[in-house]
Visitor: 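Dumping the structure here so I can ask a few things about it.
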Amino acid sequence: GAAVDETTRRRTFVARDVKAAEEFSLTLVTCDGKDALRDVRREVELLAAVGRECRHCPILVGQSIQRDGPKISVALLGRPFVALATERLSEARIPVVLRGVAAALAHMHSRDVAHGDVGPRSVGLQRDGAALLADFSCARSPCAHDTATREACMALSATLVDAKNRQCQAPEVASLKPGGPPVDSRADVYAFGSFAHVVATGAPPRNGVDAAIPGRLAGILREALAQDVDDRPSADAVLAKCQLL
């Protein structure tokens with residue numbers, strides 16, 4: 001079906017299983033070498049760890065691997081989405097989308113998995129308007145601030161530097177200073193705040209929260225966008241406040 005997104009080594013389409021009369025999101029990943037295939041396998045393992053319980057997470061339906069000389073093509077089937085949240089949303093749609101993304105993050109963090117690349121290019125919009133947090137290519141575990149290992153933090157940091165949603169990256173990711181604050185799942189909370197600002201105003205928060213954003217939503221953004229990682233709320237707390245929008 002229609003192409004939803006395309007990057008250097010992965011393309012995502014809306015696909016339809018004619019026999020089952022169901023839609024899926026079909027992601028084709030081209031791997032060149034062992035390291036790339038290892039990364040895809042890690043992505044599949046984290047998808048499995050996240051599980052099936054949250055409708056806003058991209059449940060893995062199936063996978064197939066085809067070897068073509070030095071390159072390997074991997075097909076991943078997941079929950080269906082038909083567009084990416086790359087444009088400013090209407091005021092009525094914003095709470096629905098933010099609740100979905102916050103629910104996905106809260107669920108992932110409860111499984112000690114950090115998404116690592118929250119932003120417009122990783123949030124799929126389903127036909128009913130609900131949000132799906134897609135693309136686990138940057139995800140890492142363990143990554144909760146009280147369980148994250150140094151190796152997991154370093155791996156997440158290194159991956160995020162080249163992530164798609166760089167405009168949403170937390171300051172600790174951008175600086176990567178030796179001895180600086182850890183990069184863990186709280187980077188997802190900052191990225192959520194940046195993403196919320198993008199869909200509400202059409203631009204990331206370059207100079208603080210835009211004055212035109214309504215008070216309750218502005219309060220959520222200010223907390224999520226705290227420069228100090230220890231001042232940011234948990235994904236659970238963000239979800240609870242998004243439920244009141």
Visitor: Kindly give the heavy-atom pair with the smallest separation between L132 and P58, and that separation in Å.
Guide: CD1-N, 3.7 Å
Visitor: Under the side-chain contact (heavy atoms from CB on, under 4.5 Å) rule, collect the residues that match up with A191, sequence neighbours excluded.
Guide: V118, C168
Visitor: Determine, step by step, whether Y190 and Q227 satisfy the side chain to side chain contact (heavy atoms under 4.5 Å, CB included) criterion, reporting the C-alpha distance in whole Å, the side-chain angles of both residues, the deciding distance to 0.1 Å, and the verdict.
Guide: CA-CA 8 Å; Y190 185 96; Q227 295 291 304; 3.9 Å; yes
Visitor: Answer yes or no: is there an ion pair linking E53 with R111, defined by an N-O contact shorter than 4.0 Å?
Guide: yes
Visitor: One thing to verify: whether D184 and R186 come together as a salt bridge, which I'm taking to mean a side-chain N less than 4.0 angstrom from a carboxylate O.
Guide: yes
Visitor: Considering non-hydrogen atoms only, spot the tightest contact between G129 and V96 and give its length.
Guide: O-CG1, 3.9 Å
Visitor: Side-chain contact, heavy-atom cut-off 4.5 Å: L60 with V44?
Guide: yes
Visitor: Show your working on salt bridge (Lys or Arg N to Asp or Glu O under 4.0 Å) between D188 and R232 and close with a plain yes or no.
Guide: CA-CA 10 Å; D188 280 346; R232 293 176 204 155; over 6 Å; no
Visitor: Apply side chain to side chain donor-acceptor pair (under 3.5 Å) to R127 and list each qualifying residue two or more places apart in sequence or on a separate chain.
Guide: E23
Visitor: Under the side chain to side chain donor-acceptor pair (under 3.5 Å) rule, collect the residues that match up with R121, sequence neighbours excluded.
Guide: D5
Visitor: Quick one: NE2 on H109 to OG on S185, what's the gap to the nearest 0.5 Å?
Guide: 4.5 Å
Visitor: Decide side chain to side chain contact (heavy atoms under 4.5 Å, CB included) for I59 and L47; before the verdict, give the C-alpha distance in whole Å, the side-chain angles of both, and the deciding distance to 0.1 Å.
Guide: CA-CA 7 Å; I59 175 178; L47 279 164; over 6 Å; no
Visitor: Only distances under 3.5 Å count here; give the side-chain donor-acceptor pairs of residues 72-85 to other protein atoms, sequence neighbours excluded, each with its distance to 0.1 Å.
Guide:
residue, atom, partner, partner atom, Å
R79, NE, C57, O, 2.7
R79, NH2, R52, O, 3.2
R79, NH2, C54, O, 3.1

Visitor: To the nearest 0.5 Å, what is the distance between CD (Q63) and OG1 (T27)?
Guide: 12.5 Å
Visitor: Provide the closest heavy-atom pair for G193 versus L225 in the form atom of the first, atom of the second, distance.
Guide: C-CD2, 3.8 Å
Visitor: Quick check for you: to the nearest 0.5 Å, what is the distance between T30 atom OG1 and L37 atom CG?
Guide: 12.0 Å
Visitor: Does any part of the side chain of F136, heavy atoms only, come nearer than 4.5 Å to the side chain of R42, both counted from C-beta?
Guide: no
Visitor: Output the rest of the hydrophobic cluster of V229: all Ile, Leu, Val, Met, Phe, Trp and Tyr residues reachable through side-chain heavy-atom contacts under 4.5 Å, sorted by chain and number.
Guide: none
Visitor: Is there a side chain to side chain contact (heavy atoms under 4.5 Å, CB included) between Q167 and S194? Walk through the geometry before answering.
Guide: CA-CA 8 Å; Q167 64 178 350; S194 294; over 6 Å; no
Visitor: Suppose we screen for side chain to side chain donor-acceptor pair (under 3.5 Å). Which residues come up paired with Q66, at least two apart in sequence or across chains?
Guide: none
Visitor: Side chains of H197 and D210: donor-acceptor distance under 3.5 Å anywhere?
Guide: no
Visitor: For L133 and A104, which heavy atoms make the closest approach, and how far apart are they?
Guide: CB-CB, 3.8 Å
Visitor: Can you check side chain to side chain donor-acceptor pair (under 3.5 Å) on S234 and D236, steps first, answer last?
Guide: CA-CA 5 Å; S234 66; D236 277 333; 5.0 Å; no
Visitor: Measure from the side-chain N and O atoms of S141 to the backbone N and O of C143, and report whether any donor-acceptor pair falls under 3.5 Å.
Guide: no
Visitor: With sequence neighbours left out, write down each residue that passes side-chain contact (heavy atoms from CB on, under 4.5 Å) with D146, or none if nothing qualifies.
Guide: A144
Visitor: With sequence neighbours excluded, what pairs up with S110 under the side chain to side chain donor-acceptor pair (under 3.5 Å) test?
Guide: none
Visitor: Using the test side-chain contact (heavy atoms from CB on, under 4.5 Å), find all partners of R11 that sit at least two apart in sequence or belong to another chain.
Guide: E6, F13, L28
Visitor: Keeping to residues at least two apart or across chains, list the salt bridge (Lys or Arg N to Asp or Glu O under 4.0 Å) pairs with something in residues 88-106.
Guide: none
Visitor: Using 4.0 Å as the upper bound for N to carboxylate O, is an ion pair formed by D117 and R140?
Guide: no
Visitor: Show me the pairs that pass side chain to side chain donor-acceptor pair (under 3.5 Å) and involve residues 216-226, at least two apart or across chains.
Guide: E223-K241
Visitor: Would you say that L245 contacts I220 through its side chain, given a criterion of any heavy-atom pair below 4.5 Å between the two side chains?
Guide: yes
Visitor: Could you see if V50 belongs to whatever hydrophobic cluster contains L239? Use Ile, Leu, Val, Met, Phe, Trp, Tyr and a side-chain cutoff under 4.5 Å.
Guide: no
Visitor: What I'd like to find out is whether the side chain of Q243 reaches to under 4.5 Å of the side chain of P95, using heavy atoms alone.
Guide: no
Visitor: If you look at every heavy atom in V238 and P233, which pair is closest and at what distance?
Guide: CG2-CG, 3.7 Å
Visitor: Indicate yes or no: at least one non-hydrogen side-chain atom of L217 is less than 4.5 angstrom from one of I94.
Guide: yes
Visitor: If hydrophobic clusters are built by linking Ile, Leu, Val, Met, Phe, Trp and Tyr wherever their side-chain heavy atoms come under 4.5 Å apart, do F192 and I213 end up in the same one?
Guide: yes
Visitor: Before giving the answer on side chain to side chain contact (heavy atoms under 4.5 Å, CB included), spell out for V101 and H56 the whole-Å C-alpha distance, their side-chain angles and the decisive distance to 0.1 Å.
Guide: CA-CA 7 Å; V101 177; H56 301 286; over 6 Å; no
Visitor: Do other residues, nucleotides or ligands put more than 12 heavy atoms under 6.0 Å from the CG atom of N207?
Guide: no
Visitor: Are side-chain heavy atoms of V189 and L105 found at a separation under 4.5 Å?
Guide: no
Visitor: Please examine the side chains of R10 and S137, heavy atoms only from C-beta on, and report whether any two atoms are closer than 4.5 Å.
Guide: yes
Visitor: Only counting residues at least two apart or in another chain, list the ones meeting side-chain contact (heavy atoms from CB on, under 4.5 Å) with A48.
Guide: none
Visitor: Would one find more than 12 heavy atoms of other residues, nucleotides or ligands at under 6.0 Å from atom CD of E87?
Guide: no
